[in-house]
Amino acid sequence: MRGLKYLIAGLALGLVYPVQAADKAGQYSVRGAGLLSCETYLQERAADSPAHKMIGGWIDGYLSATNAHRDDTYDITSFQSTELIGRILQRHCAEHPHHRLFSVLKSMVAQLHEQRVVDASPQQMIVVDDRRTQLYNDTILRMQMVLAERGLIKYAQISGRFDEQTSAALARFQEERNFQPTGFPDQATLWMLFADV
């Protein structure tokens, strides 16, 4: 997954946005799970411990705070689940066990900035066979635009609604990437689709 490699490389290089809120010297206190090392995160994740679940809550809180404190962001994660964020953290932490979770997540948020949902957007329930998910209309519209740019759907079919043509185009994209061609917008498919742009 090329996009995941780019994100991990960006995290390793420490690509971050400037601090948005802090004291006059640009410093601020980090609390809770953000102080943990990647090594500790990997241990707790492997054990599926209560601490791992608390870290997931801390991640959600960090993402919510990002949404609340950025004027240009409704949702920093346009489709990424907490579990996907956790898997990305896991891959990064395996290579950099001494990094702190706060620094890694802060860098990840900077990398996600381009894919964010800028304004409030309704969500649609998407059902393909026995699989279900909810996506922002904005994310579906961007998905259709990328599929059109790849010649997998006609521009005239771009509606912002997940329909049969969109599902068929997504299945063709999945086939190109050697994924199972389900036509379902799962996390891995969306990650690959948007990362290839």
Side-chain angles (χ1 to χ4, degrees), residues 1-22 26 28 34 56 58-93 95-96 99-124 126 133-153 155 158-162 166 169-170 173-174 176-177 179 184-197:
M1 292 175 35
R2 193 173 77 186
L4 182 59
K5 290 178 187 172
Y6 288 148
L7 179 58
I8 290 170
L11 292 172
L13 293 172
L15 301 174
V16 295
Y17 271 79
V19 174
Q20 305 251 335
Y28 50 90
W58 177 83
I59 290 169
D60 282 339
Y62 184 93
L63 297 173
S64 294
T66 298
N67 296 341
H69 294 288
R70 288 210 174 148
D71 292 336
D72 63 348
T73 302
Y74 175 73
D75 194 345
I76 194 68
T77 55
S78 60
F79 69 86
Q80 301 88 350
S81 67
T82 304
E83 177 55 28
L84 178 61
I85 300 293
R87 281 188 270 149
I88 295 166
L89 272 172
Q90 180 181 17
R91 289 203 43 190
H92 175 86
C93 287
E95 295 179 18
H96 307 281
H99 285 182
R100 298 277 175 205
L101 288 187
F102 174 78
S103 298
V104 178
L105 191 57
K106 181 179 177 186
S107 294
M108 189 181 301
V109 163
Q111 298 290 316
L112 294 172
H113 187 76
E114 287 300 313
Q115 293 182 20
R116 75 196 184 285
V117 177
V118 175
D119 296 310
S121 175
Q123 291 189 339
Q124 292 176 46
I126 296 171
T133 192
Q134 282 191 294
L135 289 176
Y136 290 113
N137 289 353
D138 179 73
T139 302
I140 295 168
L141 188 61
R142 286 190 307 113
M143 176 194 333
Q144 290 173 329
M145 290 294 292
V146 173
L147 291 168
E149 289 166 8
R150 296 179 153 284
L152 298 170
I153 194 172
Y155 281 99
I158 295 174
S159 64
R161 303 284 311 157
F162 193 87
T166 305
L170 202 56
F173 173 78
Q174 290 168 325
E176 287 177 1
R177 293 290 177 265
F179 286 9
F184 182 76
D186 58 77
Q187 296 276 295
T189 298
L190 292 176
W191 186 269
M192 183 65 72
L193 181 71
F194 292 129
D196 278 357
V197 175

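For clarity, every value in this text was computed on a predicted model and none was experimentally measured.
Between R91 and E95, none of the side-chain N atoms (NZ, or NE/NH1/NH2) sits under 4.0 Å from a carboxylate O, so this pair counts as no salt bridge.
Within the 4.5 Å cutoff, the side chain of F162 has no heavy atoms near those of the Q144 side chain. At least one side-chain heavy atom of D72 sits less than 4.5 Å from a side-chain heavy atom of R116. T77 places a side-chain heavy atom less than 4.5 Å from the side chain of L112. Proximity of R142 to S78: side-chain heavy atoms (C-beta onward) are separated by under 4.5 Å at one or more points. Counting heavy atoms from C-beta outward, R70 and H113 have side chains that approach closer than 4.5 Å.
Residues N67 and I76 share a closest heavy-atom pair of OD1-N, 2.8 Å. Smallest separation of non-hydrogen atoms from D138 and S121: N-OG, 3.0 Å. Closest non-hydrogen pair, I158 versus A148, comes out as CD1-CB, 3.8 Å. Contact between M143 and L135 at its shortest, heavy atoms only, is CE-CD1, 3.8 Å. Heavy atoms only, all atoms of each residue included: F173 and L147 are closest at CB-CD2, 4.1 Å.
Remark: R100 pairs with no residue by the salt bridge (charged side-chain N to carboxylate O under 4.0 Å, His left out) rule, at least two apart or across chains.
Aromatic ring pairs are classed by plane angle as parallel below 30°, tilted from 30° to 60° and perpendicular above 60°; the pair W191 and F79 is perpendicular. Ring geometry for H96 against H99 counts as parallel: the plane angle stays under 30°, on a 0 to 90° scale with 60° as the upper cut.
Judged purely by distance below 3.5 Å, without hydrogens or angles, the side chains of Q80 and Q115 pair a donor atom with an acceptor atom.
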